[in-house]
Protein chains: 2
Amino acid sequence: MANYEQLRLRNQLCFPLYVCSKEVVRKYKPLLDELDLTYTQYITMMAMWEHQQLSAKELGNILYLDSGTLTPVLKTLEKKGFVERQRSKDDERSLIISLTPEGSDLQDRAAHIPEAIGKCIDMDLEDLQTLHRLLHKFMDTSIK
Amino acid sequence: MANYEQLRLRNQLCFPLYVCSKEVVRKYKPLLDELDLTYTQYITMMAMWEHQQLSAKELGNILYLDSGTLTPVLKTLEKKGFVERQRSKDDERSLIISLTPEGSDLQDRAAHIPEAIGKCIDMDLEDLQTLHRLLHKFMDTSIK
DNA sequence: TTAAATTTAATTGTGTACAATTTATCTGAT
DNA sequence: ATCAGATAAATTGTACACAATTAAATTTAA
């Protein structure tokens, strides 16, 4: 009978990635609840705070999300008053997303979140920096 | 006007975790399609291959999934013939999940997957080992 | 120049994730 | 012995995530 050591859960890279990703989102939840944002809505707003205005296409490239995911997220964020959606005059296919004043104000209320998250992750800074670096390396070498 | 450097997407730990996790699942997809498994079904089968028999509760603890997620996954895996679901005689509340012979056979057909995934991740072994170690450290220090 | 190919969002359908609630069963203290 | 609390799974409702398709607008090439 084969042992299949390489098929054990703890020997995979995928499984801890999957678990850690969900766990981090879980940590954000109480902080994001105060802003009435889900995690996906939050990273969308982070992109908007950085760029003020983006096409849906550009937003998808930044967040690695397709229109099937983004369309409802953007409609929800518009309903909440944080962004506006309007077709480009130059190219009617393109949907331009713009940060509203209310969306911009939200950044102030989100400013404390990164530090609050940092405090509940009990790892030393060096390990966190290494982890950060390796995840970006993984993204750069593995995507597309 | 504030700069909010700490709110930039690329300075977060959560975002690369989220992107890498989804990206890895995407890499599994063509391999898992051949076995008619989704990623969640695959990690469930990995746990079953290791243990042959587990309660739904134990499975949830291993996979970090609750009954809301697991119940439909287990019903699907039963429909595909890879596991059996039956109430415990000792405790009718408990649902015992057992690997079927078909489920066991599936392990042979999955045996090549870890190596195939390894080949399409273009990072050196040392970085991958460090990443693996730090993700487990993160799980150990951050969950519960 | 106009028909074919491409591009962009939206839609549709399937499958998670997870919080909150419900239902059934079991345990323990009186 | 019984019932209050605990436990386990299922259910319900919301929100992604993504493949595949559709629809509309634009670009390209014969």
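Quick note on labels: first sequence line is chain A, next is B, and so on, each numbered from 1. Excluded from the calculations below are hydrogen atoms, water molecules and symmetry mates; all remaining heavy atoms, backbone and side chain alike, are included.
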Take atom CD of Glu92(B) and atom P of dT25(C), then tell me their distance rounded to the nearest Å.
7 Å

Please tell me which of the listed nucleotides, dT26(D), dC18(C), dA8(D), lies nearest to the side chain of Asp91(A)?
dT26(D)

Using 30° and 60° as the class boundaries, would you call the ring planes of Tyr42(B) and Tyr28(B) parallel, tilted or perpendicular?
tilted

Under 4.0 angstrom, heavy atoms only, what part of the nucleic acid is Asp66(A) near: base, sugar-phosphate, or nothing?
base

Does a donor on one side chain sit under 3.5 Å from an acceptor on the other, for Asn11(A) and Gln6(A)?
no

Specify the separation, in whole Å, of atom NZ of Lys80(B) and atom C1' of dG15(C).
10 Å

Pull out every residue in residues 68-79 of chain B that has a heavy atom closer than 4.0 Å to any atom of DNA chain C, ordered by number, or say none.
Gly68(B), Thr69(B), Val73(B)

Given that Tyr18(A) and Ser67(B) both sit by DNA chain C, which one's nearest nucleotide is further toward the 5' end?
Tyr18(A)

Let's see if you can work this out: which of dA9(C), dA10(D), dA19(C) has an atom nearest to the side-chain heavy atoms of Lys29(A)?
dA19(C)

Between Arg93(A) and Leu65(A), whichever has its closest DNA chain D nucleotide further toward 5' is Leu65(A)

Residue-level proximity of residues 34-41 of chain B to DNA chain D when a heavy atom falls under 4.0 Å:
none

Rounded distance (Å) that lies between atom C1' of dT25(C) and atom CD of Gln86(B):
18 Å

